[in-house]
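We number each residue from 1, following the sequence as shown.
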Amino acid sequence: MFIIDHFRSAGSPEGDAEVQEAIGGGGVYAMTAARLFLPPANCGLIVDRGIDFPNRFARELEALGDEMMFYRSRQGDTTRALNSYSGSKIGEGKQMFEYLTERVKLSPKDLVLPPSPFASPCLPRIIHMVCTTQRAKEIIEEIQLIRNGGYEGVGSGWDPELVWEPLGDSCSPEGLRPILDILPHIAVFSPNLLEMQSILSQATSETPEAVVQAARHFEDLALSHIGRCHTAIIVRAGPLGSFTLSASWTGWVPAFWGADRQDQVADVTGGGNAWLGGFCAGLLLTNGNMRSASIYGGAAASFAIQQRGLPRLSLDGGTERWNDDNPWSRLRELAERVSRLADS
């Protein structure tokens, strides 16, 4: 979903949120992150434009590649949302999120039915979902209907991998059982650390040991509830990095910007979305290698958090650069760090 984000902190002058606006939406951050490593034709983003859609945002999106954009006109204003922070600056303290205008929900049929450009030459292989458990359940059921009989003659046999980033509203002790109920249909389940601890009724603790304990406890509950767990569990833990627990690989990917490089972090908004977008690109490029895909995720997140809004794309002699850097160089650097962790 495309959103125009507005920002306000406890230190912002009253009414100042209108000045602080940027391209937003979890899917936008995720697909931009995937675009770091993939050509635009291999990414897909639906943008519902209202009558207030800023021309500067259109230019910024089109720079990513026309092939990845599917614009649709909507009545009224574009979806807008306010990100409020309890700290003195934007990005500090607890974040609160609220919609300022009516939102347009996306569904699987939007990807497969004409005039969507994403159904040809093949249907999407991976879908990144940022949603509540109930919404995830609805998406799963719609994909099953499309797979079993097609939708207006399109999509029979479609079986995409679902990468689920749960919204905080579903990350509570009461939300645990509904999450476990749909887990067999999910390829990757990735809450952040605080969300996972909330699901498990655990006290907040931001240590590497707490991350590993939370991931393994959730896996144990899944095994007890459904008898097996083929879902990869990835806990994103901000400056600690991320921990992947899967059948093919289990391990840490450190945050690209370590404790000694925090001057490179301007705004963490969209960092988790970008991690999963890079991860999805890595899954495609490495034929499902969890270790490699997790490294792609860490490298992608490093670009998202260097500024407010999306990373900047430019060309240098025909070579793409993002934030005046080469994403493949960051990927190699992070891969080397992961290898050293494994050897230590």
Seminar exercise, completed: From the list Phe303, Phe279, Tyr296, Trp322, ring-ring contact (aromatic ring centres under 6.0 Å, His included) partner of Phe37 resolves to Tyr296
Exercise. Listed by chain and number, what are the side chain to side chain donor-acceptor pair (under 3.5 Å) partners of Ser329, not counting sequence neighbours?
Worked result: Arg332
For this session: Could you tell me which non-hydrogen atom of Val253 sits nearest to which non-hydrogen atom of Ser294, and how far apart they are?
Result: CG2-CB, 3.8 Å
Exercise. In chain order, what residues pass the side chain to side chain donor-acceptor pair (under 3.5 Å) check against Glu219, with sequence neighbours excluded?
Worked result: none
Exercise. Can you tell me if Thr32 uses its side chain to pair, donor with acceptor, with the backbone of Val28 under 3.5 Å?
Worked result: yes
Problem set entry | Working for side-chain hydrogen bond (donor to acceptor under 3.5 Å, both in side chains), residues Thr133 and Arg177 | CA-CA 10 Å; Thr133 305; Arg177 185 179 180 87; over 6 Å; no
Give every donor-acceptor pair under 3.5 Å between a side-chain atom in residues 194-216 and any protein atom, sequence neighbours left out.
| unit_1 | atom_1 | unit_2 | atom_2 | d |
| --- | --- | --- | --- | --- |
| Glu195 | OE1 | Asn192 | N | 2.9 |
| Gln197 | OE1 | Ser205 | N | 3.4 |
| Gln197 | NE2 | Ser205 | O | 2.9 |
| Ser198 | OG | Cys171 | O | 2.6 |
| Gln202 | NE2 | Gln213 | OE1 | 2.7 |
| Thr207 | OG1 | Ala210 | N | 3.1 |

For this session: Walk me through it: do Glu333 and Arg261 pass the test salt bridge (Lys or Arg N to Asp or Glu O under 4.0 Å)?
Result: CA-CA 14 Å; Glu333 178 182 335; Arg261 301 165 82 183; 3.2 Å; yes
Problem set entry | Under 3.5 Å side-chain donor-acceptor pair for Arg330 and Ser302 | yes
Exercise. Thinking salt bridges, do Asp52 and Arg80 make one under a 4.0 Å N-O criterion?
Worked result: yes
Exercise. Of all residues at least two apart in sequence or in a different chain, which pass the side chain to side chain contact (heavy atoms under 4.5 Å, CB included) check with Phe57?
Worked result: Phe2, Ile4, Glu21, Ile23, Phe53, Pro54, Glu60
Exercise. Do any N or O atoms from the side chain of Trp275 and from the backbone of Ala33 form a donor-acceptor pair under 3.5 angstrom?
Worked result: no
Exercise. Any donor-acceptor pair under 3.5 Å linking the side chain of Asp110 with the backbone of Leu106?
Worked result: no
Problem set entry | CA sep, side-chain torsions, deciding dist, call: Glu138, Arg135, salt bridge (Lys or Arg N to Asp or Glu O under 4.0 Å) | CA-CA 5 Å; Glu138 293 167 1; Arg135 184 68 183 136; 3.0 Å; yes
Exercise. When you check the side-chain N and O atoms of Asp169 and Thr132, is any donor under 3.5 Å from an acceptor?
Worked result: no
Problem set entry | Pairing residues for Arg74 by the side chain to side chain donor-acceptor pair (under 3.5 Å) criterion, not counting sequence neighbours | Thr79
For this session: Give the minimum heavy-atom separation between Pro254 and Leu341, together with the two atoms involved.
Result: CD-CD1, 3.7 Å
Problem set entry | side-chain hydrogen bond (donor to acceptor under 3.5 Å, both in side chains) assessment of Arg291 paired with Thr244 | CA-CA 8 Å; Arg291 179 182 184 275; Thr244 298; over 6 Å; no
Problem set entry | Pair Asn273-Glu165, side-chain donor/acceptor within less than 3.5 Å | yes
Exercise. Among all residues two or more places apart in sequence or in another chain, which pass the ring-ring contact (aromatic ring centres under 6.0 Å, His included) test with Phe97?
Worked result: Tyr99
